[in-house]
Amino acid sequence: ENTPLPPATEAPTEILVEQGNGCPAKTADMELLTNEEDGYCLLYPSAYAVNLPRLIIINPVGAPGDIPGDAWVNIMAKPASGRTAAQVADAQIAEAGADFGVTRSEILMDGMQAIVVDGLPGPDSWRKVFVVENDRLYTMEFQPWFPSNDPAQPTPLENLYVTITNT
């Protein structure tokens, strides 16, 4: 069963930071995922599973197959090669073409510009978030992305998105 989180529209509660490494502190309901090789750390609900090095899974499926669970986020890091998050997102949007109804917005993640893209063609409905820090491109793929029609009742994946982008 998923651990409920505050609705996506609520401001995050204060996040305590561990001394020395700048990562958020784990709590009774949240685990800390640290990927030193790729240079990031974040919180995720304790009820979810992690398939290291980069996959957080909601309601994991123990059976073999290509579906790890009900929903997941895949976090990838690679050299940005001088590109900004906006340049990477805009290139993917241009590659998709105008027929897909792709939407693009901006948020701040840890004080840095991040680009949120919905509607790119892919294996399923997904939300991609792009952010660059120290010439390193971080791409987060949240899927399957089917937002709730009721903002007061966000989906578990929407809550995971809020948790990750806030931590």
Side-chain angles (χ1 to χ4, degrees), residues 2 5-12 33-35 37-45 48-61 63-167:
N2 295 326
L5 297 175
T9 55
E10 284 186 13
L33 172 61
T34 302
N35 185 322
E37 182 179 332
D38 287 336
Y40 67 85
C41 55
L42 55 87
L43 294 176
Y44 68 94
Y48 300 165
V50 173
N51 185 352
L52 295 176
R54 62 184 197 223
L55 197 65
I56 300 171
I57 306 166
I58 298 172
N59 295 331
V61 173
D66 63 353
I67 304 297
D70 288 343
W72 57 91
V73 60
N74 185 21
I75 304 168
M76 298 165 288
K78 65 181 186 179
S81 302
R83 299 172 297 167
T84 66
Q87 289 170 326
V88 172
D90 290 345
Q92 287 197 14
I93 292 168
E95 184 178 315
D99 295 337
F100 284 95
V102 176
T103 62
R104 178 190 187 280
S105 59
E106 296 181 15
I107 60 171
L108 288 178
M109 286 182 63
D110 200 23
M112 295 171 291
Q113 178 196 42
I115 306 299
V116 179
V117 180
D118 291 314
L120 286 171
D124 210 338
S125 175
W126 56 5
R127 167 170 277 186
K128 282 185 151 184
V129 179
F130 304 92
V131 66
V132 172
E133 181 181 30
N134 296 325
D135 201 39
R136 192 121 178 104
L137 170 65
Y138 296 92
T139 304
M140 290 153 270
E141 298 172 347
F142 295 84
Q143 57 181 302
W145 188 258
F146 297 110
S148 170
N149 292 327
D150 180 0
Q153 296 293 320
T155 67
L157 189 56
E158 287 175 294
N159 283 328
L160 183 58
Y161 164 79
V162 170
T163 300
I164 288 174
T165 57
N166 285 332
T167 63

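As the structure is a prediction and not an experimental result, all values here were calculated from the model.
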Is the shortest heavy-atom distance from the side chain of Arg83 to the side chain of Leu137 under 4.5 Å? yes
Could you tell me which residues satisfy side chain to side chain donor-acceptor pair (under 3.5 Å) with Asp110, sequence neighbours excluded, listed by chain and number? none
The criterion is side chain to side chain donor-acceptor pair (under 3.5 Å); which residues satisfy it with Gln143, sequence neighbours excluded? none
Compare every heavy atom of Ala96 with every heavy atom of Pro121, then report the nearest pair and how far apart it is. CD-CB, 3.5 Å
Which value, rounded to the nearest 0.5 Å, describes the distance between Asp150 atom CG and Thr155 atom OG1? 11.5 Å
Are any non-hydrogen side-chain atoms of Ile115 and Arg104 less than 4.5 angstrom apart? yes
Indicate yes or no: at least one non-hydrogen side-chain atom of Asp90 is less than 4.5 angstrom from one of Phe130. no
Here the gap from Trp126 atom CH2 to Leu157 atom CG, rounded to the nearest 0.5 Å, amounts to 13.5 Å
Minimal heavy-atom distance between Tyr40 and Tyr138, with the atoms involved, is CD2-CE2, 3.9 Å
Side-chain heavy atoms of Pro156 within contact of Tyr48, under 4.5 Å: yes
Sub-3.5 Å donor-acceptor pair from the side chain of Asn74 to the main-chain atoms of Leu55, do we have one? no
Counting C-beta onward and ignoring hydrogens, is there a side-chain heavy-atom pair between Glu158 and Trp145 closer than 4.5 Å? yes
Do the non-hydrogen side-chain atoms of Leu120 and Phe100 ever get within less than 4.5 Å of each other? no
Would you say the side chain of Tyr44 lies within less than 4.5 Å of the side chain of Val73, judging by non-hydrogen atoms? no
Between Ser148 and Gln153, is there a donor-acceptor pair closer than 3.5 Å when you use the side chain of the first and the backbone of the second? yes
Hits for side chain to side chain donor-acceptor pair (under 3.5 Å) against Arg136, two or more places apart or cross-chain, chain-then-number order -> Asp38
